[in-house]
Amino acid sequence: MTDGQNVQVDVAIIGGGPAGLAAALGAKKRGADNILIIERDNELGGILNQCIHNGFGLHTFKEELTGPEYAARFIEEVKKEKIPYLLNTIVVDVDAEGKILTLMSRERGLFKIRAKAVVLAMGCRERSRGALNIPGYRPAGIYSAGTAQRYVNMEGRMPGREVVILGSGDIGLIMARRMTLEGAKVKLVAEIMPYCGGLKRNIVQCLEDYGIPLRLSHTVVDIHGKERLKGVTLTRVDEHSKPIPGTEEYIPCDTLLLSCGLIPENELSSGMGVELSSITGGPVVNESLETNLEGVFACGNVLHVHDLVDYVSEEAAKAGENAAEYVERQIRETSRGIPVCGEKGVRYTVPSYLRPEYMDDPQVIRFRVGSNYQNVSVVVYVNDICVIKIKKRTMAPGEMEQIKLKKSDLEKVCECNKVQNIRICIEEQ
Amino acid sequence: MYDVIVIGAGVTGSAIARELSKYERNVAVIEKASDICEGTSKANSGIVHAGYDAVPGTLKAKLNVAGNEKMESLSKELDFPFRRNGSLVLMFEEEDRPALEALYERGLTNGVKDLRILTPEEVRKIEPGVTKQVAGALYAPTGGIVCPFGLNIALAENACDNGVSFFLDTEVLGIEKKRDEQGTYYRICTGSRKNGETIFESRVVINAAGVYADYIHNMVSEKKMTITPRKGEYCLLDKTEGKLIKSTVFQLPSKMGKGILVTPTVHGNLLVGPTAQDIDDKEGVNTTALGLETVMSKASRSVETLSGKKIITSFAGLRPHEDGGDFIIEEVTDASGFIDAAGIDSPGLSCVPVIGEYVADIVNKISPAPRKKNFIATRKGVPSMAEATERERQALIAENPAFGQVICRCEMVTEGEILNAIHRTLGATTLDGIKRRTRAGMGRCQAGFCAPKTVEILARELGVDMEQITKAGGNSGFLDGTNKEVQS
């Protein structure tokens with residue numbers, strides 16, 4: 001190994017996107033001195049750099065910023081705090097036991113660093129055509145929405161002219177508008193579910209304002225064109241998402257953009273031995289956002305897919321603070337804590353475990369629902385006793401929800417150390 | 001005038017070209033696609049069969065066992081991935097035992113070594129991942145797996161290094177049989193998107209045109225041939241599933257049909273397939289909902305925990321099936337000097353190490369040539385950072401720092417590997433070409449992150465605009481103009 005062998009940091013942050021930046025600042029604020037951000041791309045900011053539309057930062061800064069502007073606020077702060085970072089550097093693997101990270105870059109080759117705490121902030125990737133298993137030919141012209149976004153926003157290049165978008169995730173909606181503004185014809189957005197996957201505001205601002213049809217309960221079942229895409233076959237689907245025979249419709253197009261879900265990128269994490277949730281695809285964490293591996297924390301889209309970057313920043317700052325606190329106190333904890341479960345419409349919760357002695361007061365618990373709801377209540381049970389009931393006019397799978405659980409909510413039921421379980425449900429009013 | 005022209009730069013054509021390059025001869029390969037390994041050779045199971053399948057006495061039987069034996073040494077000479085992982089033919093019903101035993105007997109007749117029939121317990125000892133329905137199996141330890149691209153590309157590169165000229169993007173439009181004072185020769189008219197029409201002439205022509213072999217054959221012979229494209233659909237699963245089994249697991253053909261195989265690939269994915277459907281379209285490599293569903297549901301009879309959620313891509317390939325069922329490797333009776341290497345469907349890939357020699361023998365009988373003294377027998381593949389040890393990685397980066405710059409994160413492919421793939425013999429010019437030579441884009445994100453970067457590197461290295469870069473040649477470009485351009 002080259003020179004880096006003896007480099008020791010307190011908090012190593014894997015990923016220099018919104019989560020990694022906020023985690024670094026959180027760790028700094030909590031007193032960690034020796035922090036290192038490791039970024040595989042050639043600049044900090046992650047995917048925000050290609051998100052040149054506005055709408056970022058409404059919660060954090062009370063103003064509408066573009067992605068690069070939002071990232072810049074954090075990057076400037078990181079630079080002001082003199083937090084070191086490495087660019088063009090990939091983490092090849094992490095030996096979880098000794099927290100030894102093997103890094104690689106063009107400039108420095110292979111080298112190792114030792115960390116007292118690690119924050120996972122690697123983000124997510126888009127579900128590909130292959131993972132969707134759409135039958136048909138395999139021509140050029142099929143892109144994930146994010147790849148198309150990169151071509152248009154970073155390279156100034158158009159991936160095509162006649163566009164069909166499959167999936168109504170936020171990036172797909174944003175790209176419908178973007179491609180239209182750059183001179184392409186977006187024919188329609190098809191969504192297999194009976195509801196939109198993205199934020200309400202994006203449906204209005206990106207589709208309705210441009211007259212782009214959103215075809216709910218529709219999907220692509222065949223891809224035509226041997227060299228470049230020539231068209232897709234669209235069909236209506238039934239309530240089990242199965243194509244309804246006889247509803248096939250041929251849509252000529254040269255470009256198909258896919259916005260069918262994001263998958264947390266946890267190959268590094270699972271290689272380390274981090275336990276992953278089968279629902280979120282992200283690590284199972286406790287209230288401190290710490291994984292099953294002591295001193296290894298996770299935040300942002302590698303933990304679970306967020307709707308707004310503001311929440312990524314908020315969550316990541318917490319992970320950074322907790323990592324710094326871990327370094328300082330070297331918490332050694334054997335109990336996993338109280339299980340926190342999502343039930344009856346709640347697909348998952350983050351965290352999945354809660355240790356009352358370490359919880360924030362109030363502790364934020366984030367979750368998503370599995371379908372659209374109107375006039376329902378979010379109900380929190382502690383040991384099967386209702387402690388919180390919040391009325392909601394609407395709830396949608398595309399939007400991340402949160403509740404704030406106070407220590408006193410637990411104490412309403414029993415002493416904190418006697419709490420057996422915490423359940424969050426959606427109930428009719 | 002060439003001494004020999006090979007039509008087709010698939011694995012068969014490339015194997016023949018490499019073998020012919022051992023002799024003092026002027027050899028050319030003509031390929032209609034923009035890269036080598038673009039037809040049947042790029043979309044198959046990647047299996048090196050043990051040799052118990054072929055009917056004794058056929059050419060398939062003869063070449064399979066011999067090819068299997070030679071694959072290992074060839075893989076060392078030419079540096080492509082091959083592993084002898086063993087294969088199992090699973091039996092699910094006791095009533096099928098006679099068929100299993102017949103297969104065993106057939107294997108013995110064909111000269112397959114170390115064949116055994118296993119009890120269900122013995123099967124599970126080798127493969128704990130098989131289902132409880134398994135009632136026994138034929139075990140062939142000599143079965144193997146190979147990287148089909150790696151094999152094809154290695155052969156072609158080595159042939160090229162030994163002086164064979166490759167003409168890519170060159171499609172045969174017509175062949176005329178001619179005579180001069182030295183005898184018969186062939187005049188091949190070709191078309192190319194780049195270079196227009198070109199005429200090639202040669203005394204000996206080898207038809208290794210895959211699914212188009214009938215089309216080429218019928219240009220010179222009155223004894224017409226029919227090659228039927230037999231489509232096979234496959235699903236490729238994530239590397240997380242690659243360890244579900246370690247052998248290649250076939251199903252004994254039964255009244256339930258021919259069965260589906262499940263196999264690890266040499267790169268650690270799990271491959272499931274193929275279907276078998278005769279079609280008309282020689283370019284009909286589209287997958288179908290029914291085909292993909294059939295593949296996964298039939299395969300779940302063999303392996304317990306197969307999950308459709310782990311599919312990272314699916315594809316279809318076309319086997320060039322000839323009605324007689326055997327390979328046709330012979331001089332055409334009414335066209336002297338014209339040699340067919342046709343109908344090379346399964347176990348064609350397994351026979352590759354000996355098909356070249358077999359054809360070279362025919363060529364040598366027609367027109368003998370002395371052996372080349374300076375034949376280069378070995379070739380080094382593109383280095384793989386993902387597979388390299390820490391020490392090897394450091395050495396590669398020391399040699400070229402681009403080996404420290406990861407481009408494809410899923411498969412850990414670096415810029416150094418991509419540069420190597422572009423600038424080597426018969427280097428890549430397309431995104432698919434890069435993919436087959438380096439694995440960039442073959443991982444779970446399926447090139448979502450790396451494609452724009454790879455396109456940029458290709459454009460830079462080839463000195464063209466990004467818009468000129470294609471997926472697989474022809475009209476398969478990725479980009480169409482710049483922002484704010486409104487096209488009519």
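Residue numbers begin at 1 in each chain, while the letters A, B, ... track the order of the sequences.
- Only the backbone of B:Thr288 comes within less than 4.5 Å of a heavy atom of chain A; no side-chain atom from C-beta onward does.
- Heavy-atom distances place no part of B:Ala472 under 4.5 Å from chain A, backbone and side chain included.
- Contact check for B:Asn483 versus A:Glu155: no side-chain heavy atoms found under the 4.5 Å cut-off.
- The residues A:Arg138 and B:Asp432 are annotated as not salt-bridged, no charged nitrogen and carboxylate oxygen being separated by less than 4.0 angstrom.
- Between B:Lys239 and A:Glu267 no salt bridge is recorded (no basic side-chain N to carboxylate O distance below 4.0 Å).
- Within the 4.5 Å cutoff, the side chain of A:Lys226 has heavy atoms near those of the B:Asp281 side chain.
- At a 4.5 Å heavy-atom cutoff, the contact between A:Pro159 and chain B is made by backbone and side-chain atoms alike.
- Annotation: side chain of B:Arg393 is in contact with side chain of A:Val92 (closest heavy-atom distance under 4.5 Å).
- Heavy atoms of A:Asp93 lying under 4.5 Å from chain B are absent altogether.
- Here A:Gly136 is the residue among A:Ser128, A:Ala140, A:Gly136 with the most heavy-atom pairs under 4.5 Å with chain B.
- With respect to chain A, the highest number of heavy-atom pairs below 4.5 Å among B:Ile312, B:Thr313, B:Asn400, B:Thr287 belongs to B:Thr287.
- Neither the backbone nor the side chain of A:Val221 comes within contact range of chain B; no heavy atoms are under 4.5 Å apart.
- For B:Met466, the parts lying near chain A are the backbone and the side chain together; criterion is any non-hydrogen pair under 4.5 Å.
- For the pair A:Met104 and B:Ile397, the minimum side-chain heavy-atom distance is below 4.5 Å.
- In this structure, B:Arg409 pairs ionically with A:Glu265, as a charged nitrogen and a carboxylate oxygen lie closer than 4.0 Å.
- In terms of heavy-atom pairs under 4.5 Å with chain A, the best-connected choice from B:Glu467, B:Met412, B:Glu415 is B:Glu415.
- Taking CZ of A:Arg106 as the reference point, atom CZ of B:Phe403 lies at 11.0 Å (rounded to 0.5 Å).
- Of the atoms belonging to B:Thr414, it is side-chain heavy atoms, and not backbone ones, that fall under 4.5 Å from chain A.
- In this structure, the separation between CG on A:Leu132 and CD1 on B:Ile311 is 11.0 Å, given to the nearest 0.5 Å.
- Ranked by heavy-atom pairs shorter than 4.5 Å toward chain B, the options A:Ser270, A:Ser105, A:Gly146, A:Gly156 are led by A:Gly156.
- When the candidates B:Cys235, B:Gly284, B:Gly416, B:Gly308 are compared by the number of heavy-atom contacts under 4.5 Å with chain A, B:Gly284 comes out ahead.
- Looking at B:Glu233, neither its backbone nor its side chain comes within 4.5 Å of chain A, counting heavy atoms on both sides.
- For the pair A:Glu227 (side chain) and B:Ser476 (backbone), a donor-acceptor distance under 3.5 Å is absent.
- Atoms CD and CD1, from B:Gln405 and A:Ile90 in turn, are 8.5 Å apart once rounded to the nearest 0.5 Å.
- By the 6.0 Å contact criterion, CG on B:Asp280 is open, its count of non-hydrogen atoms from other residues, nucleotides or ligands being 12 or less.
- For the pair A:Arg228 and B:Lys471, the minimum side-chain heavy-atom distance is 4.5 Å or more.
- Taking 4.5 Å as the limit, some side-chain heavy atom of A:Thr147 sits within range of a side-chain heavy atom of B:Pro452.
- Between the CG atom of B:Asp480 and the CG atom of A:Asp254 there is a distance of 6.5 Å, given to the nearest 0.5 Å.
- Residue B:Leu479 touches chain A through both its backbone and its side chain, counting heavy-atom pairs closer than 4.5 Å.
- The CG atom of B:Leu396 lies 10.0 Å from the CG atom of A:Leu110; values are rounded to the nearest 0.5 Å.
- Side chain of A:Tyr143 to main chain of B:Phe478: a donor-acceptor pair is present (N/O by atom type, distance under 3.5 Å, no hydrogens or angles).
- Here the side chains of B:Gln446 and A:Ile142 are not in contact, with every heavy-atom distance at 4.5 Å or above.
- From A:Arg157, atom CZ reaches atom CD of B:Glu456 across 9.5 Å, with rounding to the nearest 0.5 Å.
- Closest non-hydrogen pair, A:Ser144 versus B:Gly448, comes out as OG-CA, 4.4 Å.
- Taking the charged nitrogens against the carboxylate oxygens, A:Lys112 and B:Glu390 do have a contact shorter than 4.0 Å, which makes a salt bridge.
- The existence of a salt bridge linking B:Lys484 and A:Glu182 is confirmed by a sub-4.0 Å separation between a basic side-chain nitrogen and an acidic carboxylate oxygen.
- Interface remark: of the candidates B:Leu236, B:Asn286, B:Leu292, B:Val406, B:Asn286 forms the most heavy-atom pairs closer than 4.5 Å to chain A.
- Of all heavy-atom pairs between B:Val455 and A:Tyr151, the closest is CG2-OH, 3.7 Å.
- Chain A forms the most heavy-atom pairs under 4.5 Å with one residue out of B:Thr470, B:Thr482, B:Leu290, B:Asp238, and that residue is B:Thr482.
- The pair B:Glu293-A:Lys242 does not count as a salt bridge, with every side-chain nitrogen at least 4.0 angstrom from each carboxylate oxygen.
- Heavy-atom contacts from other residues, nucleotides or ligands closer than 6.0 Å to CZ of A:Arg236 number 12 or fewer.
- If you tally non-hydrogen atom pairs under 4.5 Å between each of B:Lys309, B:Glu283, B:Lys453, B:Arg444 and chain A, the highest count goes to B:Arg444.
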